[in-house]
Amino acid sequence: MTFTNVILVLACLMSGTLVAQEAKVTQLLSKDLTNLPGKEGLMITVEYPPGSSDPIHRHKAHAFVYVLEGSVVMQVRGGKQVTLTPGQTFYEGPDDVHVVGRNASGTKPAKFVVFLVKDKGATVVVPAQ
């Protein structure tokens with residue numbers, strides 16, 4: 001799946017009907033991890049407009065989140081809901097289902113960077129129940 005297709009999938013999965021409420025995902029780096037056969041690293045930024053949220057999903061990857069701006073609310077199934085501010089981190093494992101992912105503010109944007117370690121060529125976002 002190309003990065004453009006990933007963006008289209010993310011756009012389709014975003015909740016809300018206004019284009020302004022959809023998250024903006026930007027690829028920063030993609031690199032084959034030669035010492036981990038079949039794995040790749042992917043680094044992206046995600047920008048949540050005010051009030052934006054994600055549908056329930058999973059990544060089938062190790063996802064390391066670092067908040068750059070604003071505040072975001074995150075939770076994986078069975079875990080505690082947390083509100084993160086700049087400089088704070090969050091982790092999702094390959095088997096985790098991300099049940100809450102949203103901008104904590106209805107008036108200010110939020111931005112975070114995500115580093116994923118995943119199977120080479122695997123889809124980045126998979127819808128979940």
Side-chain angles (χ1 to χ4, degrees):
M1 176 174 272
T2 67
F3 183 70
T4 301
N5 289 344
V6 169
I7 295 297
L8 291 173
V9 168
L10 283 171
C12 291
L13 293 175
M14 292 287 117
S15 64
T17 57
L18 299 176
V19 172
Q21 292 182 341
E22 293 180 356
K24 177 184 174 190
V25 178
T26 304
Q27 180 176 336
L28 303 174
L29 175 69
S30 177
K31 180 76 173 159
D32 289 349
L33 302 176
T34 55
N35 64 332
L36 297 171
K39 299 290 184 182
E40 64 182 334
L42 175 65
M43 187 179 292
I44 60 174
T45 56
V46 178
E47 297 177 61
Y48 281 156
S52 180
S53 65
D54 291 331
I56 297 173
H57 66 276
R58 59 186 300 176
H59 297 288
K60 293 188 180 180
H62 294 277
F64 301 86
V65 175
Y66 181 84
V67 178
L68 300 169
E69 301 171 11
S71 58
V72 295
V73 180
M74 301 276 184
Q75 181 181 11
V76 295
R77 185 166 287 141
K80 227 181 194 182
Q81 183 170 294
V82 294
T83 300
L84 307 166
T85 57
Q88 293 186 307
T89 60
F90 187 76
Y91 170 78
E92 292 179 56
D95 297 321
D96 286 332
V97 175
H98 195 150
V99 294
V100 177
R102 65 178 171 85
N103 187 337
S105 172
T107 59
K108 296 179 184 177
K111 183 176 182 179
F112 53 95
V113 65
V114 183
F115 175 69
L116 298 127
V117 176
K118 64 184 199 61
D119 290 338
K120 186 174 177 176
T123 301
V124 176
V125 176
V126 178
Q129 297 295 330

On a heavy-atom basis, which atom in P50 and which in G106 lie closest, and how many Å separate them? CB-O, 3.2 Å

For the pair N103 (side chain) and S52 (backbone), establish whether a donor and an acceptor sit closer than 3.5 Å, ignoring hydrogens and angles. no

Pairs in or reaching into residues 90-100: which pass salt bridge (Lys or Arg N to Asp or Glu O under 4.0 Å), with residues at least two apart or in two chains? R58-D95

Ignoring hydrogens, what is the shortest heavy-atom contact between V124 and H59? Give both atom names and the distance. O-ND1, 3.0 Å

Residues passing the side chain to side chain contact (heavy atoms under 4.5 Å, CB included) test with P94, sequence neighbours excluded, are H62, Y91

Rounded to the nearest 0.5 Å, what separation is found between the OG atom of S30 and the CG atom of L116? 10.0 Å

Would you find a donor on one side and an acceptor on the other, under 3.5 Å apart, between the side chain of Q88 and the backbone of V67? no

Distance in Å, L33 CG paired with K39 NZ, rounded so as to fall on 0.5 Å steps: 9.5 Å

Working to the nearest 0.5 angstrom, can you tell me the gap between F112 CZ and E47 CD? 10.0 Å

With sequence neighbours left out, the residues meeting side-chain hydrogen bond (donor to acceptor under 3.5 Å, both in side chains) with T107 are S105

I need the minimum non-hydrogen distance between P86 and G70, along with the two atoms involved. CD-O, 3.0 Å

Taking side chain as C-beta onward, heavy atoms only, is D119 less than 4.5 Å from K60? no

Once rounded to the nearest 0.5 Å, what's the spacing between atom OG1 of T83 and atom CZ of F90? 11.0 Å

So CD of E69 and OG1 of T45: to nearest 0.5 Å the spacing works out to 10.0 Å

With rounding to the nearest 0.5 angstrom, report the CG to CG distance, L28 to L42. 8.5 Å

What residues form a salt bridge (Lys or Arg N to Asp or Glu O under 4.0 Å) with K108, not counting sequence neighbours? none

May I ask whether V99 and V46 are part of the same hydrophobic cluster, defined by side-chain heavy atoms of I, L, V, M, F, W, Y residues being less than 4.5 angstrom apart, directly or through others? no

Within 6.0 angstrom of K118 NZ, more than 12 heavy atoms from elsewhere: yes

With sequence neighbours excluded, tell me which residues meet ring pair (Phe, Tyr, Trp, His ring centres under 6.0 Å) with F115. none

Cluster check V125, V97: I/L/V/M/F/W/Y, side chain < 4.5 angstrom: no

Quick one: closest heavy-atom pair of Y48 and A23, and the distance? CD2-CB, 3.8 Å

Applying side chain to side chain contact (heavy atoms under 4.5 Å, CB included) to V100 and not counting sequence neighbours gives V73, Q75, Q81, R102

Cluster check I56, V82: I/L/V/M/F/W/Y, side chain < 4.5 angstrom: no

Salt-bridge criterion met for D32 and K120 (N-O under 4.0 Å): yes

Looking only at atom types and distance, does a side-chain atom of H98 sit under 3.5 Å from a main-chain N or O of V76, one as donor and one as acceptor? no

Hydrophobic cluster membership, V113 vs V117, 4.5 Å side-chain cutoff: yes

